[in-house]
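Encoded as structure tokens, the structure appears first; notes follow it.
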Amino acid sequence: MATFKEAQERAEALTPEKISNDFFQFVRSLEPYLAQLNKAAIFIDSEDIFGDPIGFYSRATEVISQGRKREGQPFNLFETGDFLDGFFAEVKDETITFGTRDSKKEKVEENTLSNDLYGLRDEDLKKVIDEKLSPFFSEYFKREL
């Protein structure tokens, strides 16, 4: 157990800049996890960031796909080239940017019902806070103080 003087020295060394820099580095380490949450919302749940459907397959798609995709079934954008595989989250300055590196992204986006494909749903943001950020801060301050 640290003495009062040691605890005081540790607290004084823990400046707002140090906390901010350490937190920034931790959030940067979460980029793949954040991108995966965004990808899962589309691929698994067929939802945009507001929980709304991204689209539904048409009768023509059912015929073309020979029944693999059924009319009225929600889009999951699985067979759109590198769209899902290209998902990213990038932390830069004070912003987290979500997107895809697929060269055909505009064409794919034109065929969805939503303009809000990139980002986190509230439930996913809560998951990040509960499972990643809260434990980080708890451990961080235990370690640093």
Side-chain angles (χ1 to χ4, degrees), residues 1-58 61-62 64-65 68-145:
M1 184 148 171
T3 66
F4 179 75
K5 180 151 177 63
E6 290 170 333
Q8 183 179 12
E9 288 171 356
R10 284 178 149 175
E12 288 171 356
L14 198 56
T15 64
E17 293 80 20
K18 178 175 176 18
I19 295 169
S20 179
N21 288 338
D22 292 345
F23 181 61
F24 180 81
Q25 290 304 315
F26 176 70
V27 173
R28 293 268 341 252
S29 76
L30 295 178
E31 287 175 343
Y33 176 71
L34 300 173
Q36 188 60 37
L37 288 173
N38 187 195
K39 181 178 173 180
I42 290 174
F43 178 64
I44 295 169
D45 299 326
S46 302
E47 293 180 352
D48 69 7
I49 63 171
F50 299 111
D52 295 327
I54 60 171
F56 301 94
Y57 292 117
S58 67
T61 302
E62 183 175 344
I64 292 168
S65 71
R68 278 186 300 111
K69 301 173 185 177
R70 301 245 182 246
E71 178 180 7
Q73 191 177 39
F75 287 166
N76 66 7
L77 302 177
F78 178 67
E79 294 178 351
T80 55
D82 295 325
F83 189 78
L84 290 172
D85 289 338
F87 265 55
F88 68 88
E90 180 180 59
V91 179
K92 195 173 196 178
D93 299 322
E94 296 177 2
T95 305
I96 301 175
T97 303
F98 290 84
T100 183
R101 292 183 174 84
D102 187 0
S103 62
K104 298 180 298 305
K105 92 178 206 172
E106 288 83 13
K107 184 170 175 59
V108 173
E109 292 167 351
E110 288 173 4
N111 291 303
T112 66
L113 296 175
S114 177
N115 294 324
D116 300 303
L117 298 175
Y118 309 109
L120 296 179
R121 298 174 294 184
D122 286 350
E123 65 194 63
D124 293 326
L125 181 56
K126 183 172 177 8
K127 182 177 183 175
V128 171
I129 292 168
D130 292 346
E131 295 180 8
K132 302 292 183 183
L133 300 181
S134 291
F136 167 80
F137 278 116
S138 179
E139 289 302 313
Y140 180 81
F141 287 112
K142 280 181 192 175
R143 182 180 69 244
E144 296 295 323
L145 295 175

Quiz prompt | side chain to side chain donor-acceptor pair (under 3.5 Å) partners of R101, counting only residues at least two apart | solution = none
Quiz item: Which atoms form the tightest heavy-atom contact between G72 and F56, and what is the distance?
Solution: O-CD2, 3.2 Å
Quiz item: Within a reach of under 6.0 Å around CG of N115, are more than 12 heavy atoms found that belong to other residues, nucleotides or ligands?
Solution: no
Practice problem: Provide the closest heavy-atom pair for L77 versus L84 in the form atom of the first, atom of the second, distance. | Solution: O-CD1, 3.4 Å
Quiz item: Taking the six-membered ring where the residue is Trp, are the ring centres of F75 and Y57 under 6.0 Å apart?
Solution: yes
Quiz item: Under 3.5 Å, side chain of S20 to main-chain N/O of P16, donor-acceptor pair present?
Solution: no
Quiz item: Where does the angle between the aromatic ring planes of F137 and F141 fall among parallel (under 30°), tilted (30 to 60°) and perpendicular (over 60°)?
Solution: parallel
Quiz item: Which of parallel (below 30°), tilted (30 to 60°) and perpendicular (above 60°) describes F136 and F26?
Solution: parallel
Quiz prompt | Between CG on residue D130 and CG on residue L125, distance to nearest 0.5 Å | solution = 9.5 Å
Quiz prompt | Distance (rounded to the nearest 0.5 Å) between K126 NZ and D122 CG | solution = 11.0 Å
Quiz item: Pick from V108, N76, L113, I42: which one makes a side chain to side chain contact (heavy atoms under 4.5 Å, CB included) with I54?
Solution: I42
Quiz item: If you look at every heavy atom in D82 and K104, which pair is closest and at what distance?
Solution: N-NZ, 4.4 Å
Quiz prompt | Chi angles and distances behind the side chain to side chain contact (heavy atoms under 4.5 Å, CB included) call for L30, V91 | solution = CA-CA 9 Å; L30 295 178; V91 179; over 6 Å; no
Quiz prompt | Side-chain donor or acceptor of N111 paired with backbone N/O of K107 under 3.5 Å | solution = yes
Exercise. Any pair with a residue in residues 136-145 that passes salt bridge (charged side-chain N to carboxylate O under 4.0 Å, His left out), sequence neighbours left out, goes on the list, sorted by first then second residue, please.
Key: K18-E144, E139-K142
Quiz item: Looking at CG of D22 and CG of L14, how far apart are the two atoms once the value is rounded to the nearest 0.5 Å?
Solution: 8.0 Å
Self-check item: Single hit among D116, D45, D52 for salt bridge (Lys or Arg N to Asp or Glu O under 4.0 Å) with R121
Solution: D45
Quiz prompt | R10 and E6 ion-paired at < 4.0 Å | solution = no
Quiz item: Is the closest side-chain heavy-atom distance between F98 and L37 below 4.5 Å?
Solution: no
Quiz prompt | Least distance between heavy atoms, G119 atom then N38 atom | solution = O-ND2, 3.0 Å
Quiz item: What is the minimum heavy-atom distance between A89 and I96, and which atoms define it?
Solution: CB-CG2, 4.4 Å
Quiz item: Do the side chain of E62 and the main chain of E71 share a donor and acceptor less than 3.5 angstrom apart?
Solution: yes
Quiz item: Hey, would you say the Y118 and F87 ring centroids sit under 6.0 Å apart?
Solution: yes
Practice problem: Given salt bridge (charged side-chain N to carboxylate O under 4.0 Å, His left out), test K127 with E123 step by step and report yes or no. | Solution: CA-CA 6 Å; K127 182 177 183 175; E123 65 194 63; over 6 Å; no
Quiz item: Which atom pair, heavy atoms only, marks the closest approach of K105 to T100?
Solution: CB-CG2, 3.6 Å
Self-check item: side chain to side chain donor-acceptor pair (under 3.5 Å) contacts touching residues 86-99 (sequence neighbours left out)
Solution: none
Quiz item: Going by heavy atoms in the side chains, are K39 and D85 under 4.5 Å from each other?
Solution: yes
Exercise. Hey, could you give me the CZ/OG distance between F83 and S103, rounded to the nearest 0.5 Å?
Key: 11.5 Å
